[in-house]
Trainee: 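To start, I am sharing the structure in question, which I have written as structure tokens.
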Amino acid sequence: MKRLILDVDTGLDDAVALLLAAGLEELHIEAVIATAGNVGLEKTLENTLNIMETVGATCPVYKGADKPLLRESVEAGDFHGVTGMDGPTFAPRKRQQVQEESGIDALIRLLKENPHQLSVVSVGPLTDLALAMAKEEGIALLAKEIVIMGGSFSYGNVTKAAEFNTYADPEAAQIVFSSGANITLFSLDCTRTVTLDKKRLEAYRKKAGRATEVFAACMDTYMANYEKKGQGWPQMHDPLCIAYLADPTKVECEYAPVAVDIEEGPTYGQTVKLPSHEGEQIRIARSIDIPWFWSLVERALDHLD
Ligand code: BDR
Ligand code: CA
């Protein structure tokens, strides 16, 4: 079983990533850190706690960074709604509450206590990881692997050049990508190939349980927002990182060092592949087995319901 630390800016597709991680028997969530990103930290934390309570998880939830390393905050409420997770409603929580320890300290502690044992998944801005690396040199090398949703090598989704997570904290992304850690990157070039259509959503909605109800309510909003923006069916960015951990053989990858543009200007936050001798190699996902991915979502929801 793979043991995970999840760093999320929950987020409608982050919510699906959490559901998937919680619902797959081959994965075990050790800790979740909420970071600022899609919306402010208080909201991403609230959303994270609500999802973890819904799935009956007992793992600790921590508070990560409330702003990027250097730049002004940017948010993505146009995709995720005012709360960051518009759609589902939740009863007051009985179990889940945020831990006292900061997410950055927890990340450092857990990696030191479990060297080369834990897979870290980051599906928001990379601020927490970069802060942990600044506080404890070499900490990223203690992760078994780091699986990241971020970047684009073609065109962006927040500017023409940049993807949201790298644009929201380009300096942090540059630090993490050049760390020499064992990184797998899901860029938009892969994640935008996996979309949820109405037929599939309606088929899922017929299932009875609470996890599916939350999933469907999140996806109703996500679908409506994509439609409003004229962007087709909603893209399943963050859950692909979890699917990869469940079975890496279902993902085709290439290797290259990746740099992030940290010069303010039209390409701020853009990711580029470098020639292989010019930096630390990163595993970059090129494609994923899409029918298999959906079968995984179905299995996870069945298990949680
Ligand atoms: C990424 O940006 C966020 O809005 C999503 O949650 C995802 O992590 C996609 O660019
Ligand atoms: Ca996200």
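Ligands are counted one by one from 1 in listed order, and the atoms in each one are counted from 1 as well.
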Trainee: Does one hydrophobic cluster hold both Val121 and Val297, with members joined at side-chain heavy-atom distances below 4.5 Å?
Mentor: yes
Trainee: Using a cut-off of under 3.5 Å, which N/O atoms of ligand 1 pair up with protein N/O atoms, and what distance separates each pair?
Mentor:
| residue | atom | partner | partner atom | Å |
| --- | --- | --- | --- | --- |
| ligand 1 | 4 (O) | Asn38 | OD1 | 2.6 |
| ligand 1 | 4 (O) | His80 | NE2 | 2.9 |
| ligand 1 | 6 (O) | Asp13 | OD1 | 2.6 |
| ligand 1 | 6 (O) | Asp13 | OD2 | 3.4 |
| ligand 1 | 6 (O) | Asp14 | OD1 | 2.9 |
| ligand 1 | 6 (O) | Asn38 | ND2 | 3.1 |
| ligand 1 | 6 (O) | Asp238 | OD2 | 3.2 |
| ligand 1 | 8 (O) | Val123 | O | 3.0 |
| ligand 1 | 8 (O) | Asn165 | ND2 | 3.0 |
| ligand 1 | 8 (O) | Asp238 | OD1 | 2.6 |
| ligand 1 | 8 (O) | Asp238 | OD2 | 3.1 |
| ligand 1 | 10 (O) | Asn157 | ND2 | 2.8 |
| ligand 1 | 10 (O) | Glu163 | OE2 | 2.5 |

Trainee: Should Ile29 and Tyr244 be regarded as members of a common hydrophobic cluster, given that ILVMFWY residues are connected when their side-chain heavy atoms come within less than 4.5 Å of each other, either directly or indirectly?
Mentor: yes
Trainee: Do Gln235 and Thr191 get their side chains close enough for a donor-acceptor pair, meaning under 3.5 Å?
Mentor: no
Trainee: Parallel under 30°, tilted from 30 to 60°, perpendicular over 60°: which one fits the rings of Phe79 and Tyr222?
Mentor: perpendicular
Trainee: Do Phe186 and Leu12 sit in one hydrophobic cluster, given that two such residues count as connected whenever their side-chain heavy atoms are within less than 4.5 Å of each other, even indirectly?
Mentor: yes
Trainee: Under 3.5 Å, is there a donor on one side chain and an acceptor on the other for Thr221 and Asp86?
Mentor: no
Trainee: Are Met219 and Tyr204 close enough, and set up right, to give a side-chain contact (heavy atoms from CB on, under 4.5 Å), and what steps lead you there?
Mentor: CA-CA 11 Å; Met219 293 301 97; Tyr204 282 168; over 6 Å; no
Trainee: So, the side chain of Asp169 versus the backbone of Leu69: is there a donor-acceptor pair under 3.5 Å, distance only?
Mentor: yes
Trainee: Under 3.0 Å from the Ca ion (ligand 2), how many protein N, O or S atoms can be found?
Mentor: 5
Trainee: Would you check if there is a donor-acceptor pair between the side chains of Thr44 and Asn47 at a distance under 3.5 Å?
Mentor: no
